[in-house]
2 protein chains.
Amino acid sequence: MKKKPITILDIGEELNISASTVSRALADSSLVNSETKKKVVELAKKYNYQPNFTALSLQSNSTKTIGVLIPNVVHEFFGLVLRGVEDHCHSSGYSCIVYPTNEDPDREISGIKALMTGRVDGVLLSFRGKTNLHIKQLIERNIPLVFFDTADESFATHRVLIDDKKAGYLATKHLIEVGSKKIGFIGGSENINNQLRLEGYKQAVSEAGITIDPQLIVYSLDKSQDEMGLEDSEKLLSVKGIDGIFATTDMFAVGVLKNLKKINLKCPEDIAVIGFSNWAISRVYEPSLSTVEQPGYEMGIKAAELLIDQIKNPETPSDFKTVLIPTEVIVRTSTARGNNVAHST
Amino acid sequence: MKKKPITILDIGEELNISASTVSRALADSSLVNSETKKKVVELAKKYNYQPNFTALSLQSNSTKTIGVLIPNVVHEFFGLVLRGVEDHCHSSGYSCIVYPTNEDPDREISGIKALMTGRVDGVLLSFRGKTNLHIKQLIERNIPLVFFDTADESFATHRVLIDDKKAGYLATKHLIEVGSKKIGFIGGSENINNQLRLEGYKQAVSEAGITIDPQLIVYSLDKSQDEMGLEDSEKLLSVKGIDGIFATTDMFAVGVLKNLKKINLKCPEDIAVIGFSNWAISRVYEPSLSTVEQPGYEMGIKAAELLIDQIKNPETPSDFKTVLIPTEVIVRTSTARGNNVAHST
DNA sequence: TTGTATGCGTTATCAA
DNA sequence: TTGATAACGCATACAA
């Protein structure tokens with residue numbers, strides 16, 4: 001039995017004035033008698049009047065809400081992105097509808113469809129492929145759209161990314177600097193981020209005059225609970241003389257560290273390991289894990305900022321930006337050897 | 001320049017029929033001529049017509065949306081809750097507006113206020129205190145409300161919780177079973193969950209005929225990045241003869257394990273350690289950490305289920321349920337001693 | 001200073 | 001079988 005919320009009409013009736021006057025009084029309009037204004041405000045307070053959000057939206061044609069399609073909410077990086085998005089939204093008076101897609105194309109499509117019905121003023125989206133058609137429809141409807149984390153070049157939108165290739169390059173270069181010569185690459189899945197990180201890896205290896213060895217490059221298909229890629233990293237570690245590993249996620253790097261203990265290889269002495277993302281576990285694990293910072297919070301803030309700016313300035317911007325959030329290598333114990341010092345951040 | 005989305009009126013004009021007929025045709029009403037129906041459907045498809053969500057909401061007085069006030073989105077447990085909530089919502093045709101409150105009372109209050117304007121059909125809320133007044137207003141407005149994780153007894157609502165006292169009891173009892181006699185308790189903050197877990201701890205200790213020793217009970221105020229409570233657990237470990245520790249979070253338990261290495265105490269041989277929540281890190285860390293499962297996903301599913309049921313059956317239910325999601329002790333290396341065996345889950 | 005009428009997009013009711 | 005009209009709650013242009 002839903003009790004009907006009080007409306008300006010109810011207030012007007014009780015005061016024998018029209019709804020418009022109530023509306024104006026509540027908006028503190030200068031055209032309204034201060035006596036009646038006072039009465040209205042008092043009554044509104046008494047009944048704890050709240051304007052109906054849906055009516056406001058219908059009339060203003062804006063919902064003050066954005067949609068966020070995010071691959072995973074149980075994830076340190078994406079969680080940070082979401083927190084950044086929400087922080088900026090909150091300070092701009094916006095709300096977020098969150099659609100965790102769990103990397104399922106069907107969920108992505110149904111999310112995009114839901115957002116095409118005018119329930120949000122804009123969309124934040126991590127592009128995972130397979131949804132091109134629906135994204136196109138979104139853009140055709142002129143619904144502001146900003147990509148984060150991954151983007152499709154073919155769409156004219158703002159993008160907020162990290163430079164994955166550069167990050168992969170820097171991580172690999174760091175391994176080379178601490179003396180690694182036979183460096184393995186282990187990636188979680190063959191998505192675009194990991195492909196770019198692999199390109200960076202290849203560039204760094206080539207620049208160092210080392211031949212790229214395909215048997216050192218592994219994509220793990222491990223979809224187990226923790227996705228540590230234990231089996232695949234074991235295989236990688238069996239390559240003779242391997243003395244460095246770049247893993248595209250911290251979890252995979254930890255999987256490597258675990259396997260190292262089993263086969264009695266010492267890290268960092270025998271083999272240096274670097275991960276990716278700077279998750280809590282990289283700080284906590286022993287040995288602590290060198291990694292590449294992936295600033296999710298900043299990415300979320302920036303993406304929300306660009307989106308809301310675009311919502312507020314609806315004339316189609318001619319200059320779509322690709323914002324690259326800076327990353328950096330964080331050196332910890334797992335690569336602390338040679339003339340390098342471990343920072344225990 | 002926001003392109004106006006197409007409406008049933010537009011379609012009607014083009015076909016020289018009224019909006020009502022279009023509406024009926026789209027609803028596949030049997031009262032409409034199959035010829036015109038066909039035309040309408042075709043045109044709607046051609047223009048990719050989507051009914052305006054806001055108008056639908058205003059007219060039906062329901063938004064098919066729920067609000068979720070959640071303390072933290074960068075958090076394995078709450079992330080799982082959110083995933084569960086979203087999964088159930090998705091399969092019931094609902095969307096979620098997420099308000100991460102970051103434990104900030106102001107954010108909680110502004111979230112609740114935002115939800116009082118009719119933009120959601122119901123609210124999911126983890127009660128953190130200090131917002132009693134606003135929650136009361138929510139209830140007075142007959143907005144369906146379900147508590148998860150923590151609840152305030154004074155409100156008549158459904159609740160989805162774990163039995164924290166029992167969980168604390170079982171964790172401590174497990175330590176006793178593996179031979180611990182002088183057991184420390186370390187909790188992250190003095191919130192209601194931790195207080196209940198402490199009660200369980202006390203009960204188990206007392207039942208074992210051990211006197212409760214206040215110096216063995218510590219609440220850490222560590223608000224550092226990782227909240228491992230390193231300093232406080234160090235203090236606790238300095239108590240002579242301590243041979244078991246129950247930490248109310250896995251992160252704190254890991255902090256204990258780290259400190260043990262420093263002072264050359266062996267786990268589980270010299271001291272047994274059990275955490276709480278069954279986070280990924282408890283499986284990954286070495287030694288692997290015994291812990292108490294805290295089923296966030298199930299909690300989210302159940303909470304969303306109760307809320308949406310209540311939304312669909314608006315007559316005020318007389319029997320508010322308190323659903324306790326079952327928990328269990330997960331035994332790993334950190335307590336594997338005596339006649340116990342480590343399960344490496 | 002206030003009231004009336006209109007529109008936002010849709011469905012439902014009533015009339016034709 | 002279809003159309004006109006009201007209603008959802010609000011803001012605003014126009015009339016008084």
Side-chain angles (χ1 to χ4, degrees), chain A residues 2-41 43-44 47-65 116-121 141 143 314, chain B residues 2-41 43-44 47-65 116-121 141 143 314:
Chain A
K2 204 156 179 176
K3 201 168 49 185
K4 284 223 168 179
I6 198 152
T7 70
I8 50 172
L9 204 77
D10 300 327
I11 294 180
E13 263 174 25
E14 186 160 339
L15 257 34
N16 280 317
I17 55 178
S18 75
S20 12
T21 305
V22 177
S23 173
R24 282 189 282 254
L26 258 17
D28 201 23
S29 158
S30 59
L31 325 160
V32 59
N33 182 298
S34 56
E35 279 294 301
T36 48
K37 195 187 280 187
K38 202 174 148 195
K39 279 191 212 161
V40 168
V41 170
L43 206 57
Y47 289 136
N48 190 20
Y49 165 79
Q50 304 280 11
N52 180 289
F53 189 84
T54 308
L56 245 29
S57 297
L58 184 62
Q59 115 96 20
S60 68
N61 191 30
S62 89
T63 60
K64 287 281 186 182
T65 306
M116 275 195 295
T117 59
R119 66 181 312 172
V120 294
D121 296 344
R141 279 169 188 271
I143 297 175
Chain B
K2 205 157 178 175
K3 201 167 48 185
K4 284 221 167 175
I6 198 152
T7 70
I8 49 172
L9 205 77
D10 300 327
I11 295 180
E13 264 175 24
E14 186 160 338
L15 257 35
N16 280 317
I17 56 177
S18 75
S20 353
T21 305
V22 177
S23 174
R24 280 188 284 252
L26 259 15
D28 200 24
S29 159
S30 61
L31 320 163
V32 58
N33 182 298
S34 56
E35 280 293 302
T36 48
K37 194 186 280 187
K38 202 176 149 195
K39 279 192 212 160
V40 167
V41 171
L43 206 56
Y47 290 138
N48 191 20
Y49 165 79
Q50 304 281 11
N52 180 290
F53 190 83
T54 309
L56 245 30
S57 297
L58 183 62
Q59 123 97 14
S60 67
N61 192 29
S62 90
T63 60
K64 289 281 186 181
T65 306
M116 275 195 295
T117 59
R119 66 180 312 172
V120 295
D121 296 345
R141 280 169 186 272
I143 296 175

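Residue numbering restarts at 1 for every chain, and letters A, B, ... go by the order of the sequence lines. Scope of the values below: all heavy atoms of this structure, side chains included, with no hydrogens, waters or symmetry mates.
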Please give, in whole Å, the distance from [N] [atom2] to [X] [atom1]?
{"X": "B:E13", "N": "C:dG9", "atom1": "CD", "atom2": "C1'", "result": "14 Å"}
{"X": "B:I6", "N": "C:dG9", "atom1": "CD1", "atom2": "C1'", "result": "13 Å"}
{"X": "A:L9", "N": "C:dG3", "atom1": "CG", "atom2": "P", "result": "12 Å"}
{"X": "A:R24", "N": "C:dT2", "atom1": "CZ", "atom2": "C1'", "result": "6 Å"}
{"X": "B:F53", "N": "C:dC8", "atom1": "CZ", "atom2": "C1'", "result": "16 Å"}
{"X": "B:N52", "N": "C:dG7", "atom1": "CG", "atom2": "P", "result": "17 Å"}
{"X": "A:L26", "N": "D:dG9", "atom1": "CG", "atom2": "P", "result": "16 Å"}
{"X": "A:N61", "N": "D:dG9", "atom1": "CG", "atom2": "C1'", "result": "16 Å"}

Indicate, with a heavy-atom threshold strictly under 4.0 Å, whether [X] touches base, sugar-phosphate, or nothing.
{"X": "A:N16", "value": "sugar-phosphate"}
{"X": "A:L58", "value": "base"}
{"X": "B:Y49", "value": "sugar-phosphate"}
{"X": "A:L31", "value": "base"}

| remark: Comparing nearest nucleotides in DNA chain D, the 5'-proximal residue of the pair B:Q59, B:V22 is B:V22
| Residue mapping more 5' on DNA chain D - nearest nucleotide basis, B:S34 or B:A55 | B:S34
| remark: When every non-hydrogen atom of B:P51 is compared with those of A:T117, the smallest separation belongs to O-CB, 3.6 Å
| query | Of the non-hydrogen atoms in A:T21 and A:V32, which two are nearest, and what is the gap between them? | reply | CG2-CG2, 4.0 Å
| Do B:I8 and B:Y49 come within less than 4.5 Å of each other through their side chains, counting heavy atoms only? | yes
Among the candidates [options], find the nucleotide nearest to the side-chain atoms of [X].
{"X": "B:T21", "options": "D:dC10, D:dT2, D:dC14", "value": "D:dT2"}
{"X": "B:S23", "options": "D:dT2, C:dT11, C:dT10", "value": "C:dT11"}
{"X": "B:I17", "options": "D:dG3, C:dT11, C:dT10", "value": "D:dG3"}

| field | Sidechain-backbone polar pair: B:S23 side chain, B:A19 backbone, donor-acceptor under 3.5 Å | value | no
| task | Report yes or no: does B:T63 contribute a side-chain atom to a donor-acceptor pair with the main-chain N or O of B:R119 at less than 3.5 Å? | result | yes
| Side chain of B:T36, base of D:dT2: donor and acceptor closer than 3.5 Å? | no
| task | Please evaluate the base of D:dA4 for a donor-acceptor partner in the side chain of B:S20 within a cut-off of under 3.5 Å? | result | yes
